[in-house]
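Remarks on the structure that follows.
Please read these numbers as outputs of a predicted model, since none were measured by experiment. For the numbers below, each heavy atom of this structure counts, side chains included, while hydrogens, waters and symmetry mates do not. Protein chains get the first letters and strands the later ones, always in sequence-line order, with residue 1 at the start of each.
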Amino acid sequence: MLTYTIRRLVLSFPVLLFISFAVFMLLQLAPGDPMAQVPLTVPPEVKQQMREALGLGEPPLVQYWKWLVQVFWIEPQVLIDHWFGTSFSEGKLRVISWQTRSPVMDIVIQRIPQTLWVVGLAYVVGVLIALPIGIYSAYRQYSVFDQAGTFVTMIGFSIPPFFTGPLLIVIFSVQLGWFPSIYDTTHVVNDWASFKIQLQQMIMPVMVLALQTTAQISRYMRAAMLDNLNADYVRTARAKGMSEWVVVMIHVLRNSMIPVITVIALGVPAIFGGAIITENVFKVNGIGQLLITALFANDLPMVMTLTFIFAFLIVMFNLIADVLYGLLDPRIRYD
Amino acid sequence: MTEPVPASPKAIEALRDAGPEAPPRSQWRDVWDQFRKHKGAMFGGAFLVFITLAVLFGPWVWTLDPQQLDIRNKDLRPIWTALWDSSAKTAIGHPFGTDNLGRDQLAQMIYGGRASMAVGWAAMVLSLFIGTAIGVIAGYFRKLDGILMRMTDLFLSLPILPLLLVAVTLFRQPLRANFGPEGGMFILIVTVIGITSWMPTARIVRGDVLALKEREFVLAARSIGTTPWKIIQRHLLPNVLSPIMVSATLGLATAIITESALSFLGVGFPSDFPTWGKMLADAVPRMVDFPERVMLPGIAISLTVLSVNYLGDGLRDALDPRLRGR
Amino acid sequence: ERGADGQVNIIYWQAPSIMNPYLSGGTKDIEAASLVIEPLGRYDPTGALVPYLAVEIPTVENGGVSEDLTTITWTLKEGLLWSDGSPVTAADVVFTSEYCMDPEGGCAQRAKFDGVASVEAVDDLTVKVTFETPKPNPYGPFMGGQSPILQKAQFENCKGANASSCTEENFNPIGTGPFRVTDFRPNDVISLEANPNYRDPAKPAFATVNFKGGGDAMAAGRAVLETGEFDYAWNLQLAPDVLEQMAAAGQGEPIAAFGTLVERIEMNLTDPSPDLPEGERSTVAHPHPFLSEEPVRRALSMAIDRELLVEVGYGQAGRATCNLVPAPELYASDNTDCLTQDIEGAKALLEENGWTDSDGDGIRDKDGMKLSLVYQTSTNAVRQDFQALIKQWWSEIGVETELRNIDASVFFGGDPGSPDTFQKFYADVEMYANNFDGTDPQAYLSMYRCGNEPKPSSQWQGENINRFCSEEYDALLDELAQTGELDKRGEIAKQLNDMITKETMTIVPLVDRGRVSARSNTLGGVALNTWDSELWNAADWYRIKE
Amino acid sequence: MLDHPIARIENLRVEFQTKSGTVVGVEDVSFDIAAGETVCVVGESGSGKSVSSLSLMRLIEFGGGDIANGKLIFDRKDGGPLDLTTADQDLMRTIRGNEIGMIFQEPMTALNPVFTVGRQLTEGLKVHRGMSQDEAEARALELLREVRIPEPERRLRQYPHELSGGMRQRVVIAMALACKPRLLIADEPTTALDVTIQAEILALIDRLKRETGTAVMFITHDMAVVAQMADRVVVMFRGNKVEEGPVEEIFEAPKHPYTQALLAAVPKLGEMTGSDAPRPMKLVGRDDQATDPIPGTNETLLTVENLVTRFPVTGGFFRRTVANVHAVEDVSFTINRGQTLSLVGESGCGKSTAGRSILRLVEPLSGKIDLDGMDVMSLSPGALRRARQDMQMIFQDPFASLNPQMQLADQVSEPMRNFGLASGSEMRDRVANLFDRVELPRSFMQRYPHELSGGQRQRIAIARALALNPKLIIADEAVSALDVSVQAQVVNLMMELQAELGLSFLFISHDMAVVERVSHYVGVMYLGRIVELGPRRAVFEDPQHPYTQALMKAVPIADPRQRKSERDLNFKPIPSPIHEAGYTPDPTRYKEVSPGHKVLISDSGY
Ligand SMILES: Nc1ncnc2c1ncn2[C@@H]1O[C@H](COP(=O)(O)OP(=O)(O)OP(=O)(O)O)[C@@H](O)[C@H]1O
Ligand SMILES: Nc1ncnc2c1ncn2[C@@H]1O[C@H](COP(=O)(O)OP(=O)(O)OP(=O)(O)O)[C@@H](O)[C@H]1O
Ligand SMILES: [Mg+2]
Ligand SMILES: [Mg+2]
């Protein structure tokens, strides 16, 4: 298992390199220009100079190489400096966003709390709602609950967040005035009252996002439970005189969770980029919003770095999912 | 060493295997009979047929041009609002009302449905095709597994927006020349949605194929000289149908919504080309005053997705001979 | 009294990404920065010049501008302090010009310093700018939100190639404005607090500013007008009915003001046909098959009902116009011919010129050439509505239109590799809005000079989008450049304007677009300004007491 | 004591509500079980044996069944007789696992794969006996010792998949016995196991019954097991009890025609003593059958020499081969045209791998395979595919070896389509002929595998193998999963085909009695090698190798008067076939004891 993990880890380096190269070439091919947001009143020569100041004049491969060096060599040094107070990175050029002229990593780190608070929590909430729904739907297959659950989750899944978001805002912010419509990213939670405010501002985006998660995960959970409910070992457990609770919630659930856990793990990377529209609707300026603004501003280093982080998460969580699978299911042992 | 007891005629009957009693029937009859038992599937199927017919033949029945502006008749409410709100501006000529430029909503729903259904189905079929192909090949041919799965990772990381922009830059002109501006854009959007959404299907199919490959009937097929390609076709594909059906359901919904999200982000079809998703996105700012404008496309999308879901459930049961017998 | 009114909440749906306007041309960034750093003088809501850091606006009359129009001398107010407590000196002003004029810095406001030969500090408080040639309008450098004064001490090491790495400086510039940054989160939130060293001890009334960015105009409007969470929302580009409905909630009010921004249709005088080899599409080598005919262009313009466009798209925030230069008064032509829609007249005009529907398909043609257009614009709800309406009108006069909308970042990005930029103009007509900086239209009108068109040899850079070329026009432009007298300049400018719109219909102006923002009912002192930063007088803002 | 039954089933009727109406699982069954008694319930597959036992546990409700009629009187330890049909599930829970223990058919799936053996064993103890974790563990250890699992301490912390089938079944038995139940229900506890393990488990249950006085309800369809175990026998047929009586009486004077037919179909070890060539079985009611011996020819069809097949075990960072599973080690034999060679041996000894290696469905490492002059080892993939026309395979599990999604006619015609041998109506005719050949009605052609019984499915598999007119058929446990009566028919069918078509068989099985019936030659495999090879008669009547001798002893005989005692059994656990990468095993050397009868003299690991 350990060698398997290490092997996969080592193998993921070339994979990531290749992915980053592919993404870079894609972005090179993509039309668009970081000067698009500069007003038309600024004359073209000036724009050309600004472009050159960003390093856009250099050949693509040189740009890629620079980016690689910055991400893989300089940024880790910055991290080490930050932790140990050393000064390896002094005077070295980090990955700089074209939009903000500041290190991309700093902005990313700034965005992580929002993303985790809202999108991450939404994922957790979604999963927590989905699991009982899935379990009970399977246990009472074709019951009213099951049918209704399917109905509601599918509706939830088929309605886009750019509709549910404003709908919630109109109802809860405008009509009822319960929750703020704009997320305050500077809000600091330090006591009960501020925690309550945080809850209030989180509740709507979390709900919108959780709806999507719930729909998917509960489907998987239901299917996995159904697969296991008729297994022989369930009959054995019953024959031992175990109560239904133990039979379902311990014997069946533990087995059904194996595929579902991996599905959940594979969904984690999406937390960081998959909530673009919801983040936008509620002004939760997280990683997704960062990516989309960077995309529209053609901020190549930012887009590149974010997609790379994203790819990194995907590859890592793929690996984590596989390892989890092996850990949870004693039958599977990777050599 | 007990020599057999003298035979009695009943013993033959006793020893004969109990076979199926019901007379054999044609396969499709059977499928249909089983399908008919699934109420949800019947409902879903009926609704899908209805909506498909409506968007296909609607334009002959409801001949208004969806792009026709009628600025004097803008912001009409659907006629049923007159039931409770007698002051609402309604017109018989526009049963679903009109939008802020006076375009007929019913006509828009019909044409929008055409586009959404076409995008949904086409992108879903494309992504299923790619996903299944990659999944099956990765699962069946061990050597290709690693590389194909890493490719899946790559595609998972590709951001869809730049991809679409690249595709538009590179292919809009040739496609426009061959398929017209809307046809060309349609192909682009479908392709981009298709190639950015096959990955989950591929993963699931691969997992199933890995398990199926170990089943004896695949070994049996090899031993009777079935070529790998035929094994995939005859033995593996029919047996991974059920996960594919689930992917298909989710895929249709995702495709319709992705198209609308693209419109929402401003990189979709030409602005005068209605789709359900775009109608929904455009109506969101006015949803307080004109709730029907979000409800109509919203309900259409949800019902379509729901009926495909139920239809998928029903088909899965009906096509699986093991379930069909019961 | 300073800081007495607590916090003011401002929402910009485009989030500022930097506080240094020299490194970003974006309006959002310039306006955010205007809370912190200030120029020597600004424009007020009427377009008049008002001194800020300078004692007065230098003119020929008061001797600040030399008679030959080649120098301008600014005098700083006495006793000005930076927010860190150090004094503001002429050296800072000189440094600012050096900062922007450094060729490696990629300064976004470089055009402001065009023609500047030297900037020197005469003494601690006096700065003299010398131009290479006479400048009838010498108010480029240090005027308006685009060229505020930077502190030399802070930015000394950030010149040229180092500009980008000065993150701390760019996010947190030391300024003379009413506020200073306490926390800058790029593309998200800026937290500011009152500048303790602001020159007017009673101002600003607000102790802190919460400057939120992101989302869309809809949400920003809602936050001010409907929920009252915010006090001020910037640039609410929303359909008038939507805005009206929001305003009905009664938490605040939309405010509007007009500048020089004109939404227009540009006619391509060259042939964009994809059948031409790459490098020859939309170049002067191939005139447009029918748009090069003036009557066709005129007919297209006549078919448009500009008042209706305003009603649908802008409401109070728009005015139908026939002019490229709608303001200031001095330069605005009185041309109003185009304001009434004339479908019949347009039909007749086409008919007269041999454009008839010979095959009965509803589309006019001549010599086998159909009146069939590709009409492109950037993606935006109002523009899409305009496209739909105009397409409809044009179809009424027998012109077929294919609509195309392109993502704004591509359309306005000058990427020479993309076929979809507005400069490349691979379409027959295109629609967008443009305006000019400050109050003088000379540079603006000069864009349409012959030879200034985007073309392959200039990497498709250039401002003469229509590929317009007229010797007469160019001669008039030269005359304008030599004229210092204001009335005379106005005359020439009007003539130029009419030439390119009324007479040739090269540019078809549609709407003079105002700026709509919204303020809450409790926010006082707001004076919407389209000539400078909207936040130009944030120091005067206060909370209205109930 | 005997006149006071522990459990009494009266007029039990169980129904299942399915989509296509009500299915009756058990129609009318009554019998009783007394303390210290073993009642064997026998009957063909689907006759309602499992349904009856599940009803007694009231577990049938969870499978969708419904006890429509009848009483299930159970004599509780304290509280006297109770009709279980009226008990609610809460009460049942205190009885299940506590007073009634149950052992299930499938040892492979009856245990929860994700919990350790220890956890699954202690669970019931904690619930029913209120033991603490430590007490329960101590008791679990004791139980494992009781069922004679080696190294019980280690087993407690292992997961089910880490145990062999036999060990798993013993864990299941331990679980059922944990709370010292008054009634033990064993539902085909040994069907899936090797003879050796089966013998041990039967002995184990027998001993427990004797020592604790538990009543045992033993369900099986294997008459030899019945003869070994039963005090009384209940014969079931299609949901009804058709006969009941003491075991000797049933075996010696069966009354019901079904019982008679069943007994006739049971192959008994030693039946063929004295004859050289195999001979089809005489089945009840089939007078038309030829039971002439099948001599075959002496012409060699297949020669296998020094066949070695190993499966690499990769490991480490670079995925290098660190060890090999020596599945087939230096095996040589020949098969003559029209004759059958059988390979017997315990699970995991390499029988299947040997069979598959000949077809090159797994790649052998080295060796020579010569089929009718064709060197199979050197064939290119394309040529190999064509060569497989001459050799076909029938697999053990008729459920798994047919594609559930394909119509039977398509499955049978698939080989012909693969080689383009026929098409259109010709194809249909040939398929119909094949159906006739294997005695299946032509109306089955449009059906799906799940609609057929196991025996019928295996016929389809045979028809598919015959479709290409092969010279050699490798039958890998082709009849092991079938009911005795069905098994007899299939065995007869195969022999008939051999007689008529001159087919050669490589017959792989672990059932000695069947092997004795069908083979001309027998090879006994142990740990990848053939330890004894020779004409059937020689091997069966004069086993030379100690392993062969032990194997013969373990086979139960379908005669209640020839019960084996536990003392006859002495099996060592089989050593691991996995050796490190560099390991070179000794070559195989044989001693020829009589013409064609060879016995391994080099080390076999036994
Ligand atoms: N869950 C169920 N739903 C419908 N019918 C069932 C169900 N379980 C059993 N049956 C039916 O009940 C009958 C008896 O089945 P049972 O499992 O008792 O057979 P068995 O004698 O144990 O056979 P085997 O030897 O194969 O285990 C069969 O005809 C079967 O079709
Ligand atoms: N594909 C494989 N990879 C690795 N090891 C294998 C593989 N197939 C079989 N083995 C191993 O080879 C040995 C022989 O297996 P084989 O299946 O030939 O036994 P068998 O005699 O047919 O047993 P059974 O009676 O259970 O079918 C076993 O130890 C098995 O674990
Ligand atoms: Mg059974
Ligand atoms: Mg085997």
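Between C/D428 and C/R404 there is no salt bridge, since no side-chain nitrogen of the basic residue lies less than 4.0 Å from a carboxylate oxygen of the acidic one. A salt bridge is defined here as a Lys NZ or Arg NE, NH1 or NH2 lying under 4.0 Å from an Asp or Glu carboxylate O, and C/K370 with C/D359 meets this definition.
Checked against the 6.0 Å centroid criterion, the rings of C/F290 and C/H288 qualify as a close aromatic pair.
Both tests pass for B/R114 against the ring of B/Y111: distance under 6.0 Å to the centre and angle within 45° of the axis.
Although no hydrogens or angles enter the test, the distance criterion places no donor-acceptor pair under 3.5 Å between the side chain of B/W198 and the main chain of B/L126. Side-chain atoms of C/S378 do not come within 3.5 Å of backbone N or O of C/F411 as any donor-acceptor pair. Side chain of B/R77 to backbone of B/K89: no donor-acceptor contact under 3.5 angstrom is found.
Proximity to chain B is limited to the side chain of C/D420, based on heavy atoms less than 4.5 angstrom apart. Heavy atoms of C/A381 lying under 4.5 Å from chain B are absent altogether. Heavy atoms of B/D282 lying under 4.5 Å from chain C are absent altogether.
The most heavy-atom pairs under 4.5 Å with chain B, out of C/R222, C/K391, C/R383, come from C/K391.
Identified by a heavy-atom distance below 4.5 Å to chain B, the contributing residues of residues 305-318 of chain C are C/L308, C/E311, C/V312, in residue-number order.
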Please tabulate, for the side chains in residues 233-248 of chain C, all donor-acceptor contacts under 3.5 angstrom to protein atoms that are two or more places apart in sequence or on a different chain.
residue: C/W234; atom: NE1; partner: C/E31; partner atom: OE1; Å: 3.3
residue: C/D241; atom: OD1; partner: B/R286; partner atom: NH2; Å: 3.3
residue: C/D241; atom: OD2; partner: B/R286; partner atom: NE; Å: 2.7

